[in-house]
Every structure is written in structure tokens, then in C-alpha cells.
Amino acid sequence: MPKSVGLDLGWGWIKAVEINQDLELLKIGKIKVPRNTNRDEKELYISKIKELFQSINLSRDNVIINIRGSFILARTYLPPSSNKDDFEQWFVDSIESIIPGTPIEDVIYSYELFPSGRALIAFAKRKEIEKQLEMLKSCSIIPASIDASCLALYDAFLPHPWMRKKKNFAILDIDAYSTGILIIKHGEAFASNIINYASMISKKGKERDKKLISYISINLEKLFEFYKQKENLKIQNIIIVGTYSTIPGLRKNLKTKYGYKIGLGNPFLYHNIKLPKAYNKRQNPVYAQALGLAVKGLSKKGIDLIPYEIKESHKISLYNKRTKKIAKLSAIFSGLISIAMIILLMSVSNSNKELSNQVTELKSKKESLTYINGEQTLLANKLLNLKQLTKKMIPWSEILYDLGKNVPQGIYFKEITTESRLVTTGTKVERKIRVVVEGNSQSQRIVLDYIKNLERKFKDIVIKNIKGEAKCEFKISIGI
Amino acid sequence: MRIQDKYRDLINIWIIFIIISLSIVIGISCVVITSYSHSIALKNQCNTLNKEIERLEENRIQVQTSKKKFNLGDDKLSTILSILTSASKRSKAGLGEISISEEVERGDYKVLPITLAIKGNYNQIGRFINTIERKDIRFQFWEIELSTKETMGRGIICKIKGEFVVL
């Protein structure tokens with residue numbers, strides 16, 4: 001899920017808020033930047049940023065920052081046309097009058113067009129932006145976007161009822177060394193200002209607070225008077241946020257002495273940010289700008305003071321970073337897979353060797369047994385011949401049995417012989433066999449009885465000879 | 001930014017590294033798949049050869065069994081005499097002259113012409129012939145002569161002419 005980190009780089013405190021697209025608060029934290037130390041201010045700032053990121057394990061992707069200083073300017077203008085091309089032409093033509101005395105090459109600008117037709121334009125010195133980016137690079141942070149001054153307060157309080165009602169009001173971010181003021185006109189960001197009071201930090205306690213309250217109140221009155229005179233903008237409503245928003249007496253002073261209406265400075269409430277159970281809600285006004293930056297990071301709209309060429313190189317750098325990460329993962333993945341594959345390949349190769357040997361053995365065994373096919377064919381032929389022989393066979397035992405069975409009394413066999421003749425039937429030559437029974441009988445009648453018995457079994461019976469009445473000799477030829 | 005610059009920036013060394021890594025994995029995978037396919041082919045070949053060898057073994061056993069069952073050995077003369085003597089013993093008909101001539105070709109097979117004489121009564125002779133017919137179908141008799149002339153009525157002399165088929 002996409003995430004966004006808002007990093008509020010204040011002079012006294014560095015604050016960070018990390019949210020996801022579901023507006024769930026993931027991480028929140030702040031770190032104090034001590035002043036008047038012996039350490040180099042830039043080095044100290046870098047170390048504090050690193051410490052903050054490490055301590056609450058902030059994501060380094062999609063980090064939105066703001067920068068404050070005299071080199072930043074944010075104002076709204078009313079261009080002749082809200083059309084993008086026309087506006088850009090007007091801007092280029094009017095740049096000299098908008099920021100007189102500053103060459104255009106030395107300036108980074110960005111703008112946001114509002115529904116009313118007004119354009120909020122932010123300017124910053126290129127060198128200062130580049131310095132800021134260098135510093136963040138040392139913390140291994142490549143910001144996705146740079147907002148100007150306290151414009152993030154507009155994003156922080158966008159869902160506030162005063163915005164929806166298009167009221168005129170101011171949002172104050174009271175910090176240790178300065179107060180950022182965002183003027184809202186008819187529900188749109190109008191201008192940003194700063195009240196500096198760094199010299200007062202040396203004093204502590206009630207006296208400092210009293211002086212601070214007085215200083216802020218007086219300067220605020222002067223500022224509101226300026227806008228009243230110059231822009232016909234009357235401001236009666238104020239929202240107070242920041243590390244020192246709860247200075248005792250500030251709200252009371254602004255309410256009673258100056259008659260301002262003080263609104264609730266809890267942007268987390270208006271955005272319906274889902275807070276963890278253990279979270280201390282009293283800290284919410286402190287992180288207003290950080291939240292505004294984080295919300296802006298999710299929408300990816302609005303002011304962005306990162307120079308175009310640096311933004312493009314950031315994209316490439318991010319792309320390289322991501323591809324490097326993927327390359328490392330793919331190297332590990334590829335390495336592991338390759339090792340596994342090589343082991344598998346070796347095992348399969350060994351198995352293939354064994355199988356090849358097995359195939360060779362089986363082939364030679366099969367070769368040694370192929371003679372069986374020939375023997376089988378031979379055997380089949382022999383069995384076929386045997387079958388044919390069975391058909392041709394003369395059942396001599398059966399014939400002798402039939403000849404001898406039911407021989408009437410009075411018949412005596414002298415000889416049983418066989419006659420065979422070769423006979424042509426069509427194209428075939430067949431052997432025809434006849435059995436000749438020669439014998440004596442007491443009478444012709446007995447012979448005839450015998451012939452009758454034979455006729456039950458044999459069809460082709462020829463009486464060759466019957467001689468004599470009593471003591472008759474006979475010769476019978478029977479066809480098989 | 002020109003299109004060429006854009007693509008030049010997209011194709012950085014890490015992308016090439018990723019492509020090379022994946023190519024190596026794909027290459028090795030292809031080799032493994034090829035090797036595995038070869039393994040499957042060899043296993044199938046082994047199975048086929050085993051089945052064929054099994055079939056040939058079964059056929060070999062069948063051939064041996066058939067040879068035994070149909071008495072298709074090469075020992076012709078001893079087979080003939082053995083069958084004749086056993087038939088003579090069984091039937092109690094006496095074996096007389098036995099004549100076995102040289103092999104004669106008969107198309108697909110050969111034959112040994114046989115002439116034999118046996119002595120006994122009608123039943124004994126019938127039993128003798130029956131025993132031979134049952135014992136070995138290769139005995140083919142085509143001429144039988146029963147006579148009492150030589151025995152003067154004391155028994156029957158049966159002269160049998162036939163052939164023994166050599167398959």
C-alpha cells in the first residue's frame with residue numbers, strides 16, 4: 001500500500017509523520033535540534049535527521065519536506081486566464097514584476113491554480129534548494145517533493161469547516177524560533193509569512209513566554225492590518241498549531257485583548273486519521289505541518305520546488321535504486337535456483353547413465369532371445385502340419401473294432417487285407433483305401449447278417465465273393 | 001528528455017544483471033528439462049524392452065512346453081522303437097520284424113517309411129494299433145494285413161505298412 005512521510009524541517013524541532021493511503025497513522029515522532037552548540041549546524045541537523053529516521057524506522061520512500069527561510073516567497077496572484085498555457089505565458093511575461101531584481105535562472109518556482117482563478121506561486125533561490133537537497137542526500141533521503149514555508153498547513157486543514165465555508169482566517173505554527181503564518185482567503189491559501197524571535201530563546205520561563213506572547217500578538221496585529229489595508233482582507237479567526245501552541249496565556253491574550261476567534265488545531269481529527277490506541281492525542285497540533293506534508297505526498301499535487309532536472313535525475317536514481325534491489329534479489333534467487341537445478345541435473349544425468357546402460361543390457365538380452373520368433377514360426381508350421389495329419393489319419397483301431405464287433409456266430413476270418421489305389425479328383429491325386437475281409441461262414445445267411453451289421457458303420461461295402469451255401473466263403477471289400 | 005536518453009537511462013547495469021541472472025536460470029532450466037525428457041524416454045524404452053523380453057521368455061517357455069507335449073524332439077528312431085515296444089507291452093501283442101527306411105520328402109515335411117509285423121489275437125492287435133494311434137499322431141498307417149496263414153490258425157500275424165512323419 002502506498003505510504004507518505006511528511007518531514008517538517010523546523011529550526012527548533014524536526015517532526016515526521018508517516019501515513020498510508022487508508023489515512024492510517026504508521027509512525028510519528030520529533031527530535032529537538034539544539035542551538036548554540038560547538039558543532040557545525042549543518043552536521044548537527046544531518047545527524048538529527050538520521051537519528052529521527054532510525055529511531056522510529058521511517059520509510060525513505062515518498063518523503064515530502066518543507067523549507068523555510070527568507071529565500072522563500074509564497075503569494076497568490078490573479079492571472080488574466082486560468083488556462084494552463086495562457087497562465088504560463090503570463091507568468092513568463094510578468095516574472096520581472098513579480099520578483100524584481102532576481103534573474104530567472106536563479107529562481108525555482110512552482111504554482112497551484114485554485115478554483116477561484118487565483119494562482120498560488122512559490123519562489124525560492126535555486127542555490128538554497130540545491131543546498132537543502134545536498135543535505136538530505138547525506139541522510140540518504142531523496143525527497144519526492146519540496147513544499148514552501150508553511151503552505152503544508154493548507155493541506156493539513158483542508159477539511160476544516162472554515163475552509164469549506166470559504167472563510168478568511170489564519171493558521172499559526174508557533175515554533176521555538178519563529179511562527180509561520182498562512183493566510184487563508186475565501187477558503188484558499190493566500191500568502192505565507194514568518195515572525196522571527198530567535199533572539200528570545202536565551203530567556204526561559206514565564207518571562208520568556210510573556211514576551212513571546214506579546215511579540216507574536218503585536219506582530220500578528222500588524223500583519224492582519226496590512227492585509228486589511230492592502231488586500232481588503234479582514235481576519236478574525238485563527239487556528240494555532242505547533243510545538244509552542246500551548247504557551248500559557250497565548251490563547252487567552254489573543255481572544256480577550258484582540259478579539260480573535262481561536263479554532264481547534266487538530267488536523268488529525270478533520271482528516272479522520274486512524275490513530276493507534278496508545279497514541280497521545282494532545283500532541284496532534286505539534287505535527288500539523290508534518291501531517292499536511294504527508295497528506296500532500298499521497299495526493300501528489302500542489303507546490304513542488306524541486307528543479308525539473310534534479311527531479312528527473314531523482315527519478316533515475318530511484319529507478320536505479322529499485323533495480324539494484326531487484327538485481328540483488330534476483331541474484332540470490334537465481335543463485336539458489338541454479339544450485340538446486342545443477343544438483344537436480346547431476347542426479348538426472350547419473351540416472352540417465354544408469355538407464356542407458358540398462359537399455360544396452362536389455363537390447364542385447366532381447367537380441368539373444370529373438371531366435372524364439374523363428375522357433376515359434378517353425379513350431380506353428382509343425383503344429384499346422386500335425387493338424388492336417390490328424391484329418392488325414394485312418395483310424396485303424398476303430399475300423400478293426402467295427403469289423404470285429406457284432407460278428408455273428410459262425411463267421412471265421414481268414415484274412416483282412418488292404419487295397420490302396422491312387423485316384424484323381426479334379427487336380428488332386430488321392431489315395432483311396434479299401435479293407436478286404438476274407439473268411440468262412442456256416443451259411444450265406446450268417447454272412448448277410450454280418451454285412452447288415454457292417455452297413456451300420458460303413459457305407460461303401462462291396463461283396464466280392466460269396467461261394468457256397470453251407471460252409472460259405474466270402475470276400476467283402478469296404479471303402480474307408 | 002529524448003526517447004533515446006530515456007531508454008538509455010532505463011537500461012542500466014542492474015537491468016542487464018537481472019536479465020543475465022534470469023537467462024542463466026532459464027538456460028539451466030532448459031537443460032534440466034531436456035535431460036529429464038531424455039530420462040523419461042529412456043525409462044519408456046526400458047519398459048518396452050522389458051515387456052518384449054517378457055513376451056519372448058513366455059514364447060520360449062511355450063515353445064519348450066509344446067515341444068514336450070507334442071513330442072517333437074529330434075530323436076526319431078529311438079522315439080519310434082520306444083513307442084512300438086511300449087505298445088507291444090501294453091497290448092501283449094508280440095513285436096516281429098520292424099523295417100524303417102530312409103527319409104522321404106513330402107512337401108513341407110519328411111517321412112520315414114515303416115513296415116512292421118506283430119503277432120497276437122484280434123483284440124491284442126487292435127489294442128496295439130490303438131496304443132500307437134493315441135501315443136503319437138506322427139505314425140500314419142495306410143496298409144494293414146491280418147492273416148492266419150503263417151500261424152496255421154494259432155494267432156494272427158498283422159503286417160502294417162505306414163510311415164513316421166518327421167516334422
Side-chain angles (χ1 to χ4, degrees), chain A residues 312 316 319-320 323-328 330-331 333-335 337-338 341-342 344-345 348-349 351-352 355-356 358-359 362-363 365-366 369-370 372-373 375-376 379 381-386 389-390 392-401 404 413-420 431 433 435, chain B residues 1 9-10 12-15 17-18 21-22 24-25 28-29 31-32 35-36 38-39 42-43 45-46 49-50 52-53 56-57 59-60 62-63 66-67 70 72 108-109 122-123 125-133 137-138 140-149 156 158 160-161 165 167:
Chain A
E312 288 299 304
I316 291 161
Y319 171 76
N320 285 343
T323 53
K324 188 178 175 183
K325 198 176 173 182
I326 293 167
K328 277 184 187 166
S330 80
F333 169 77
S334 303
I337 297 271
S338 298
M341 290 282 190
I342 287 167
L344 184 66
L345 183 66
V348 170
S349 292
S351 166
N352 283 354
L355 283 168
S356 285
Q358 220 175 340
V359 164
L362 287 170
K363 272 184 180 171
K365 193 175 177 185
K366 185 189 162 185
L369 287 171
T370 46
I372 291 292
N373 292 332
E375 283 208 8
Q376 222 179 4
L379 181 68
N381 287 338
K382 284 184 182 181
L383 290 173
L384 190 68
N385 289 333
L386 263 179
L389 284 172
T390 317
K392 278 199 305 188
M393 198 178 84
I394 301 167
W396 286 111
S397 58
E398 207 180 303
I399 291 166
L400 287 175
Y401 175 76
F413 289 147
K414 261 168 62 178
E415 223 174 46
I416 297 174
T417 54
T418 329
E419 280 175 3
S420 69
R431 186 188 285 277
I433 295 172
V435 174
Chain B
M1 195 185 267
D9 290 324
L10 282 173
N12 60 23
I13 189 156
W14 301 114
I15 291 285
F17 189 81
I18 292 165
S21 306
L22 292 174
I24 290 168
V25 170
I28 295 174
S29 305
V31 171
V32 169
S35 197
Y36 192 67
H38 185 54
S39 176
L42 285 171
K43 278 182 188 162
Q45 208 177 355
C46 279
L49 284 168
N50 275 326
E52 283 177 17
I53 288 167
L56 286 169
E57 281 287 347
N59 289 349
R60 188 177 65 82
Q62 255 178 19
V63 164
S66 296
K67 274 184 178 175
F70 293 104
L72 300 175
D108 293 338
Y109 55 91
Y122 193 81
N123 287 335
I125 290 166
R127 219 176 286 137
F128 177 86
I129 294 169
N130 184 249
T131 305
I132 291 173
E133 280 173 354
I137 201 169
R138 290 176 290 174
Q140 298 279 304
F141 299 141
W142 35 265
E143 211 176 280
I144 285 180
E145 193 186 292
L146 282 79
S147 174
T148 53
K149 282 180 190 165
I156 304 169
C158 176
I160 302 170
K161 269 188 190 166
V165 180
L167 295 168

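Lettering of chains follows the sequences in order, A, B, ..., and the numbering in each one begins at 1.
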Engineer: Give, as side chain, backbone, both or neither, the part of B:Val165 having an atom under 4.5 angstrom from any heavy atom of chain A.
Structural biologist: side chain
Engineer: List in chain and number order the residues that pass side chain to side chain contact (heavy atoms under 4.5 Å, CB included) with B:Asn130, two or more places apart in sequence or in another chain; answer none if no residue qualifies.
Structural biologist: A:Ser397, B:Glu133, B:Arg134
Engineer: Near B:Leu22 CG, under 6.0 Å, is it more than 12 heavy atoms from other residues, nucleotides or ligands?
Structural biologist: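 Yes, the 6.0 Å shell around CG holds more than 12 heavy atoms from other groups.
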Engineer: What residue in A:Ile337, A:Thr417, A:Leu344 has the most heavy-atom pairs under 4.5 Å with chain B?
Structural biologist: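 Most heavy-atom pairs within the cutoff with chain B belong to A:Thr417.
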Engineer: About how many Å separate CD of B:Glu52 and NZ of A:Lys365, when rounded to the nearest 0.5 Å?
Structural biologist: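 One gets 13.0 Å once the value is rounded to the nearest 0.5 Å.
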Engineer: Under 4.5 Å from any heavy atom of chain A, what part of B:Thr131 do you find: side chain, backbone, both or neither?
Structural biologist: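 Neither; nothing under 4.5 Å.
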Engineer: Within a reach of under 6.0 Å around OH of B:Tyr36, are more than 12 heavy atoms found that belong to other residues, nucleotides or ligands?
Structural biologist: no
Engineer: Tell me, out of A:Leu355, A:Val348, A:Asn352, who's got the most heavy-atom pairs with chain B below 4.5 Å.
Structural biologist: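 Highest number of pairs under 4.5 Å: A:Asn352.
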Engineer: By a 4.5 Å heavy-atom criterion (distance strictly below it), what part of A:Ile326 contacts chain B: side chain, backbone, both, or neither?
Structural biologist: both
Engineer: Please flag which part of B:Glu143 lies under 4.5 Å from any non-hydrogen atom of chain A: side chain, backbone, both or neither.
Structural biologist: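 Both backbone and side chain.
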Engineer: Do you know the tightest heavy-atom contact between B:Gly126 and A:Leu400?
Structural biologist: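 That closest heavy-atom pairing would be CA-CD1, 4.3 Å.
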Engineer: CG/B:Leu146 to CD/A:Glu415 distance, rounded to the nearest 0.5 angstrom?
Structural biologist: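 Separation between the atoms: 9.0 Å.
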Engineer: For A:Lys414, is it the side chain, the backbone, both or neither that has a heavy atom under 4.5 Å from a heavy atom of chain B?
Structural biologist: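 Answer is backbone: N, CA, C or O of A:Lys414 sit under 4.5 Å from chain B.
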Engineer: Would you compute the distance between atom CD1 of B:Ile15 and atom OH of A:Tyr319 and round it to the nearest 0.5 angstrom?
Structural biologist: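 Here the interatomic distance stands at 3.5 Å.
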Engineer: How long is the straight-line distance from NZ of A:Lys363 back to CD of B:Gln45, given to the nearest 0.5 Å?
Structural biologist: 4.5 Å
Engineer: To the nearest 0.5 angstrom, please state how far the CD atom of A:Gln376 sits from the CG atom of B:Asn59.
Structural biologist: 3.5 Å
Engineer: Taking all non-hydrogen atoms of both residues into account, name the closest pair between A:Gly404 and B:Tyr122 and its distance.
Structural biologist: N-OH, 3.5 Å
Engineer: Do A:Asn373 and B:Leu56 come close enough that some side-chain heavy atom pair is under 4.5 Å?
Structural biologist: yes
Engineer: Minimum heavy-atom separation for B:Val25 to A:Ser338, with atom names?
Structural biologist: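 That would be CG2-OG, 4.0 Å.
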Engineer: Considering only heavy atoms, which portion of B:Lys149 lies under 4.5 Å from any heavy atom of chain A: side chain, backbone, both, or neither?
Structural biologist: side chain
Engineer: Please check: side-chain N/O of A:Trp396 versus main-chain N/O of B:Ile144, any donor-acceptor pairing under 3.5 Å?
Structural biologist: no
Engineer: If you take all heavy atoms of A:Ile394 and B:Phe141, which pair is closest and at what distance?
Structural biologist: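 For A:Ile394 versus B:Phe141, the nearest heavy atoms are CD1-O, 3.9 Å.
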Engineer: Looking at OG1 of A:Thr418 and CD1 of B:Ile160, how far apart are the two atoms once the value is rounded to the nearest 0.5 Å?
Structural biologist: 9.5 Å
Engineer: List the atom of A:Leu345, the atom of B:Ser35, and the distance in Å for their closest heavy-atom pair.
Structural biologist: CD1-CB, 3.9 Å
Engineer: Write down the atom of A:Ser356, the atom of B:Leu42, and the distance for their closest heavy-atom approach.
Structural biologist: OG-CD1, 3.7 Å
